[in-house]
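Below: the structure, in structure tokens.
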There are 2 protein chains.
Amino acid sequence: MNDASGSGSEGLLYLTDEQLRKGIEAMFFAYRGFTADPDKILQEMGFGRAHHRALHFIHRTPGTTVNNLLTTLGVTKQSLNRVLRTLVDEGLVESRVGNRDKRERNLRLTEKGAALESRLSEAQRRRMRAAYRAAGPEAVAGFRKVLEEMMDADMRRRFQAGKEGSP
Amino acid sequence: MNDASGSGSEGLLYLTDEQLRKGIEAMFFAYRGFTADPDKILQEMGFGRAHHRALHFIHRTPGTTVNNLLTTLGVTKQSLNRVLRTLVDEGLVESRVGNRDKRERNLRLTEKGAALESRLSEAQRRRMRAAYRAAGPEAVAGFRKVLEEMMDADMRRRFQAGKEGSP
DNA sequence: AATTTTATGTCAGCCTTGTTGACTTTCCAA
DNA sequence: TTGGAAAGTCAACAAGGCTGACATAAAATT
């Protein structure tokens, strides 16, 4: 199962267990870095990573419903509700009764919520921008490609759905 | 701050906020996929992700000390200790008093621990292998490059340290 | 019109995994 | 011999997952 250095049949020599393990570790360490900057900001505001995720996706799809957010985030409604309630209570998110379907709640960021989201996002983008710059355009394309392949199929579909019309 | 589609000064046109945001989301969804398979196994065994991380790094550096593991994992000793204790109690990890320094504990996997680690790792590697295969060698190189750039500097150093002699 | 389903919210309670703070034991090294 | 590092332990707490049960309103179906 382990092919330390041999040239595989079709240029697949890079797929040794050791290489894969390094990839796994890289993913672990990188994700830590990825969340480090927003985490600092969140902590001083008394929020957590869960709040950040909610803010991010409400920003991304204004007017989204609770159910929608639920499946995107992959948590239970009780878990999301707790987060959402504090965000509404603190005046960061607005929850309005739906037009067509009055059972639904349409979620959007308030000005205050948008401000925090922007601050968090900017911190995270700063790091990603630096990483992208240092790695170069081709590396970025590869990065994105591998990440997409790593997603669960249904999430990949959801993710790729918002691709074409990225004006 | 937003350059929707313009060709930047030096081919940096890909660094729009929108592109960066997509990168952020990709990271989020991919990490979920990345942990999904081991998580399933862990749950049916009554362990959590923290146990997996400990097993992984003890496997990677047998005989490592608690302090070493502490800085690698980036958690407090109390937090790690709880995880470590259950692993020792369940007979997955052996904690032996150090030779030179008897204050230290040298950690290694038992046969049982190695078996679980291998099972978890194989599940994770299976997904990563599939992603690597689908994305191709160049994408993989870029993926690794960006991930390394995304790490905190000290973690990047630690990570890159185990690179040369990877046979 | 009556019934069922859906979307959401909420209460209660549990688990994992992170945190701080205080304190002890061991034992190396200056 | 004494200071400090390494490790462990106890207690208390918080975030953020989870399940289960139940309430309400609105929509959809029969």
Side-chain angles (χ1 to χ4, degrees), chain A residues 28 31-32 35-36 38-58 63-90 93-108, chain B residues 28 31-32 35-36 38-58 63-90 93-107 120:
Chain A
F28 170 64
Y31 199 79
R32 270 239 300 267
T35 56
D39 279 356
K40 270 180 223 138
I41 298 170
L42 288 160
Q43 194 178 7
E44 72 187 38
M45 318 255 330
F47 292 117
R49 212 176 281 179
H51 300 91
H52 183 189
R53 293 199 279 260
L55 289 175
H56 173 97
F57 285 107
I58 293 171
T64 188
T65 66
V66 173
N67 232 343
N68 217 314
L69 206 49
L70 232 49
T71 53
T72 302
L73 294 173
V75 297
T76 59
K77 65 171 178 174
Q78 293 93 327
S79 202
L80 175 60
N81 198 257
R82 183 168 33 195
V83 165
L84 226 40
R85 201 181 347 176
T86 74
L87 288 175
V88 169
D89 287 353
E90 306 261 341
V93 167
E94 188 196 28
S95 171
R96 224 182 300 171
V97 171
N99 292 344
R100 298 174 327 212
D101 190 332
K102 287 175 186 168
R103 289 170 304 179
E104 296 182 344
R105 300 289 181 276
N106 294 133
L107 305 169
R108 25 181 65 78
Chain B
F28 170 64
Y31 198 79
R32 269 239 301 266
T35 55
D39 279 357
K40 268 180 225 137
I41 298 171
L42 288 160
Q43 194 177 7
E44 71 188 39
M45 318 252 335
F47 292 116
R49 213 176 278 179
H51 300 92
H52 183 190
R53 292 200 279 261
L55 290 176
H56 174 97
F57 285 107
I58 294 172
T64 187
T65 66
V66 171
N67 229 349
N68 216 315
L69 206 50
L70 231 51
T71 54
T72 302
L73 295 173
V75 298
T76 59
K77 65 175 176 172
Q78 293 93 329
S79 200
L80 175 59
N81 200 259
R82 185 168 31 198
V83 166
L84 227 39
R85 199 183 329 152
T86 73
L87 289 176
V88 169
D89 287 353
E90 305 262 340
V93 167
E94 188 195 28
S95 171
R96 226 182 298 173
V97 171
N99 291 343
R100 298 174 327 213
D101 190 332
K102 288 174 186 169
R103 289 167 304 182
E104 296 182 343
R105 300 289 180 276
N106 294 131
L107 306 168
L120 294 169

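Note on naming: letters A, B, ... go to the chains in the order of the sequence lines (proteins, then strands), and numbering restarts at 1 for each one.
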Problem - Which residue lies more 5' along DNA chain D, comparing Gly48(A) with Lys77(A) via nearest heavy atoms - result: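 On the 5' side of the pair lies Gly48(A).
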Does [N] have OP1 or OP2 sitting under 4.0 Å from an N or O in the side chain of [X]?
X        : N       : result
Thr76(B) : dT19(C) : yes
Asn67(A) : dT6(C)  : no
Arg53(B) : dG18(C) : yes
Arg85(A) : dC11(C) : yes
His51(B) : dT16(C) : no

Handout entry: First of Arg49(B) and Arg105(A) reached from the 5' end of DNA chain C, by closest nucleotide
Key =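 Here Arg105(A) is the residue nearer the 5' end.
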Provide, to the nearest angstrom, the distance between the [atom1] atom belonging to [X] and the [atom2] atom belonging to [N].
X         : N       : atom1 : atom2 : result
Asn99(A)  : dA25(D) : CG    : P     : 20 Å
Lys102(A) : dT6(C)  : NZ    : C1'   : 17 Å
Phe47(A)  : dG18(C) : CZ    : P     : 23 Å
Leu69(A)  : dT8(C)  : CG    : C1'   : 13 Å
Leu42(A)  : dG18(C) : CG    : C1'   : 15 Å
Leu87(A)  : dA15(D) : CG    : C1'   : 14 Å
Leu107(B) : dG8(D)  : CG    : C1'   : 13 Å
Arg82(A)  : dT19(D) : CZ    : P     : 13 Å

Problem - Pairwise distance CG(Leu107(A)) to CD1(Ile58(A)) - rounded to 0.5 angstrom - result: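 Leu107(A) CG to Ile58(A) CD1: 5.0 Å, rounded to 0.5 Å.
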Sub-4.5 Å side-chain heavy-atom contact between [X] and [Y]:
X        : Y        : value
Leu70(A) : Thr65(A) : no
Leu69(A) : Val66(A) : no
Glu90(A) : Phe47(A) : yes

If you check the [X] side chain, which of [options] turns out closest?
X         : options                   : value
Arg103(A) : dA5(D), dG18(C), dT6(C)   : dT6(C)
Asn81(B)  : dC18(D), dT17(C), dT9(D)  : dT9(D)
Val75(A)  : dT19(C), dC18(D), dG16(D) : dC18(D)

Handout entry: Polar pair under 3.5 Å, donor/acceptor by atom type, side chain Gln78(A), base dG16(D)
Key =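 No pair found.
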Problem - Check: Leu73(A) main-chain N/O paired with Arg32(B) side-chain donor or acceptor under 3.5 Å - result: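 Checking the backbone N and O of Leu73(A) against the side chain of Arg32(B), a donor-acceptor pair under 3.5 Å is found.
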